Amino acid sequence: QVQLVESGGGLVQPGGSLRLSCVASGGMWNIMGWYRQPPGKQRESVASITSGGDTSYTDSVKGRFTISRDNVKNSVYLQMDNLKPEDTAVYYCHAAFRFWGQGTQVTVSE
């Protein structure tokens, strides 16, 4: 049974940082990553990473977010720096765009 469990969300002020973690079980996948769904909007891709370490980011987070993974721990991480109010969303971890976590809320507000 495949399971992805996210953690690390919360409330942070603009300019602050958060680190999201996702631990996967039940399989191994080449591509893992993060999506987010802002309030009232569609889910959008944030970043992805291959097992070899190749990364891609949506333009709005380039230079602020860093995705990484630990293949031994079957985990993927998202370091988010210089957060902005428009980063407020539920963040979802995925494996191969097929399996999804339950989501973790990130709120950027004064």
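In what follows, residues are counted from 1 in the order of the sequence shown. Small disclaimer: the values here were computed from a predicted structure and weren't measured.
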*Asks:* Distance-only criterion, 3.5 Å: show the donor-acceptor pairs between side-chain atoms of residues 18-35 and protein atoms not counting sequence neighbours.
*Replies:*
residue : atom : partner : partner atom : Å
N30     : OD1  : S51     : N            : 3.3
N30     : OD1  : S51     : OG           : 2.9

*Asks:* Which residue pairs pass the ring pair (Phe, Tyr, Trp, His ring centres under 6.0 Å) test when at least one of the two sits in residues 67-86, sequence neighbours left out?
*Replies:*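 Not a single pair qualifies under ring pair (Phe, Tyr, Trp, His ring centres under 6.0 Å).
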*Asks:* Cluster partners of L11, using ILVMFWY side-chain heavy atoms under 4.5 angstrom, listed by chain and number?
*Replies:*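 ILVMFWY cluster around L11 holds nothing else.
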*Asks:* Using a 4.5 Å cut-off between side-chain heavy atoms of Ile, Leu, Val, Met, Phe, Trp and Tyr, which other residues end up in the same hydrophobic cluster as V72?
*Replies:*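 ILVMFWY cluster around V72 holds nothing else.
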*Asks:* Which residues satisfy the side-chain contact (heavy atoms from CB on, under 4.5 Å) test with V61, sequence neighbours excluded?
*Replies:*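 V61 satisfies side-chain contact (heavy atoms from CB on, under 4.5 Å) with R36, V46, Y57, T58, R64, F65 only.
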*Asks:* Using a 4.5 Å cut-off on heavy atoms from C-beta on, say whether the side chain of D54 contacts that of I49.
*Replies:*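 Result no, sub-4.5 Å side-chain heavy-atom pair not found.
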*Asks:* Could you go through the side chain to side chain contact (heavy atoms under 4.5 Å, CB included) check for Q79 and S68 one step at a time?
*Replies:* CA-CA 8 Å; Q79 177 66 41; S68 61; over 6 Å; no
*Asks:* Enumerate, atom names and distances included, each donor-acceptor pair closer than 3.5 Å involving a side-chain atom of residues 100-110, sequence neighbours excluded.
*Replies:*
residue : atom : partner : partner atom : Å
Q102    : NE2  : E6      : O            : 3.4
Q102    : NE2  : E6      : OE1          : 3.3
T104    : OG1  : G9      : N            : 3.3
Q105    : NE2  : A89     : O            : 3.4
Q105    : NE2  : T107    : OG1          : 3.3

*Asks:* If you link ILVMFWY side chains whenever their heavy atoms are less than 4.5 Å apart, which other residues fall into the same cluster as V5? By chain and number, please.
*Replies:*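 In the cluster with V5 there is nothing else; it is isolated.
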*Asks:* Under the salt bridge (Lys or Arg N to Asp or Glu O under 4.0 Å) rule, collect the residues that match up with D59, sequence neighbours excluded.
*Replies:*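 D59 satisfies salt bridge (Lys or Arg N to Asp or Glu O under 4.0 Å) with K62 once adjacent residues are dropped.
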*Asks:* Just verifying a value: how many Å separate M80 CE and Y91 OH, rounded to the nearest 0.5 Å?
*Replies:*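 Taking CE in M80 and OH in Y91, the distance rounds to 5.5 Å.
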*Asks:* For S45, check side-chain hydrogen bond (donor to acceptor under 3.5 Å, both in side chains) against everything at least two apart and list the hits.
*Replies:*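 S45 satisfies side-chain hydrogen bond (donor to acceptor under 3.5 Å, both in side chains) with no residue once adjacent residues are dropped.
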*Asks:* Work out which heavy atom in H94 is nearest to a heavy atom in A96; give both atom names and the distance.
*Replies:*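 Looks like ND1-N, 3.7 Å.
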*Asks:* Do Q3 and F99 have side-chain heavy atoms sitting under 4.5 Å apart?
*Replies:*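 Not in contact.
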*Asks:* Answer whether the closest heavy-atom distance between the side chains of C93 and V76 falls below 4.5 Å.
*Replies:*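 Yes, close enough: below the 4.5 Å cut-off.
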*Asks:* Which residue pairs pass the salt bridge (charged side-chain N to carboxylate O under 4.0 Å, His left out) test with at least one member in residues 66-86, sequence neighbours excluded?
*Replies:*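 Pairs touching residues 66-86 that pass the test: none.
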